[in-house]
Amino acid sequence: MTEKVLRNKNHGLAVLLGTLFGDVAAIGGIFALVASTGILQVWLQVVLWAVCLGWIIASLFLYSGLRILRPQEALVLTLFGQYIGTLKGEGFYWVNPFCSCINPAAKTRLSQSGDVDKASVNNLTITPQSADGSGNRISLKLMTLNNSRQKINDCLGNPVEIGIAVTWRVVDTAKAVFAVDNYKEYLSLQCDSALRDIVRLYPYDVAPDVDTTGDGVADEGSLRGSSEVVAARIRDEIQSKVQIAGLEIVEARITYLAYAPEIAAVMLQRQQASAVIDARKMIVDGAVGMVEMALERLKESGAVELDEERKAAMVSNLLVVLCGNHDAQPVVNSGSLY
């Protein structure tokens, strides 16, 4: 199905003014006929009455063909089940009164911008449609779908909770209406599927011997450290799935990322232990460097001559002082070192 944009329907104001003028003339004709009863011939009165009443009835159909579109809105029109085209752009239009405006997603409300209903169940709510069909307009604006958080196992089997925000818009109204049953529901389901497919390729944090790119070489990709790359892959994955529905995915962003509650405490202890180890390693490296510097300075100055045993004792004492968790308690030796 290829989208056809109707270019020659922007005549709503002219049709409205012409119809109003005809209605005024028809009503004036009716009053004139009532006033001229018995003057005109019967057959002429019947014809004039038929013309006036016929125009008034026909004007009701003419009014029903008027359509007003605001910027970034579209109407998909069908005539007796056949797609005849799409109205796009702001303006006052007139179309065949027997045309129907089709939008299967008109009653669907997602957790996103543009859908203002507060009540929602499982990220999806069905609300009554307006009786005048105004809800059948298709928005061409950028929409942001705030997908609900999902619990997904990463490539190491650890359950994580992740949520994404997807910015999208309709680019082909014919595909959106006729290629899928409901393009909003279709988008929401494809976002869930794509999110699961991509998250399962990455560990939450950097892990050894994990290939996230599929090239057979281990890399340092992770959900926490490679959020931009992960978001880009999620966007491409969603786009490949919704192309058939005439939708464009502009951007996908990770809005929430955390370990699932059942393992969050354990993983926090693991991160704390890793941080303590890194800190201790840095302290030991610094302490060894300071001890080496102290021995070199003493040797250069010649102030104190220390044998190997005394050097070992000095190194031990300095390391205890520099690597300890608490301040050193000084001990005064009043006797000889030997």
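What you see below is based on every heavy atom in this structure, not just the backbone, and it leaves out hydrogens, waters and symmetry mates. All of these numbers come straight from a predicted model, not from anything done at the bench.
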For the residue pair [X] and [Y], what are the closest heavy atoms and their distance?
X	Y	result
Ser59	Ile56	OG-O, 2.6 Å
Arg200	Asn153	CG-O, 3.6 Å
Thr255	Ala165	CG2-CB, 3.6 Å
Ala176	Tyr183	O-CD2, 3.5 Å
Ala252	Ile234	CB-CG2, 4.4 Å
Cys52	Ile30	CB-CG1, 3.7 Å

Would you mind reporting whether [Y] and [X] have side-chain heavy atoms less than 4.5 Å apart?
X	Y	value
Tyr204	Leu257	yes
Val177	Thr86	no
Leu66	Tyr63	yes
Cys101	Val76	no
Asn147	Asp192	yes
Glu90	Arg70	no
Lys241	Asp197	yes
Thr2	Tyr83	no

Side-chain heavy atoms nearer than 4.5 Å, only ILVMFWY residues, links allowed to pass through others: does that put [X] and [Y] together?
X	Y	answer
Leu87	Leu16	no
Val95	Val5	no
Phe92	Phe21	no
Ile244	Leu247	yes
Trp94	Ile84	no

Neighbour count above 12 (heavy atom, 6.0 Å) for Glu220 CD: no
Tyr256 OH: over 12 foreign heavy atoms closer than 6.0 Å: yes
Out of curiosity, [X] [atom1] to [Y] [atom2], how far, rounded to the nearest 0.5 Å?
X	Y	atom1	atom2	result
Lys184	Leu187	NZ	CG	10.0 Å
Ile138	Arg169	CD1	CZ	15.5 Å
Leu195	Ile238	CG	CD1	7.5 Å
Leu201	Leu223	CG	CG	9.5 Å
Ile57	Leu62	CD1	CG	12.5 Å
Asn136	Ser100	CG	OG	9.0 Å

Between Arg235 and Glu251, does a side chain to side chain contact (heavy atoms under 4.5 Å, CB included) hold up when you go through it step by step? CA-CA 6 Å; Arg235 179 222 170 264; Glu251 186 182 44; 5.9 Å; no
Show the numbers, then the answer: is there a side chain to side chain contact (heavy atoms under 4.5 Å, CB included) between Cys155 and Val210? CA-CA 8 Å; Cys155 69; Val210 174; 3.7 Å; yes
Checking [X] side chain against [Y] main chain: does a donor-acceptor pair fall under 3.5 Å?
X	Y	value
Glu3	Thr173	yes
Thr212	Tyr202	no
Ser193	Leu189	no
Ser226	Val229	no
Arg137	Leu69	no

Any ion pair linking Glu237 and Arg233 (charged N to carboxylate O, less than 4.0 Å)? no
Could you tell me whether Glu228 and Arg253 have a side-chain N and a carboxylate O separated by less than 4.0 Å? yes
Might you work through the side chain to side chain contact (heavy atoms under 4.5 Å, CB included) test for Trp168 and Val170, ending with a clear yes or no? CA-CA 7 Å; Trp168 65 282; Val170 177; 3.8 Å; yes
For Asp181 and Tyr186, run side chain to side chain contact (heavy atoms under 4.5 Å, CB included): C-alpha distance rounded to whole Å, both residues' side-chain angles, the deciding distance at 0.1 Å, then the answer. CA-CA 8 Å; Asp181 183 62; Tyr186 183 78; over 6 Å; no
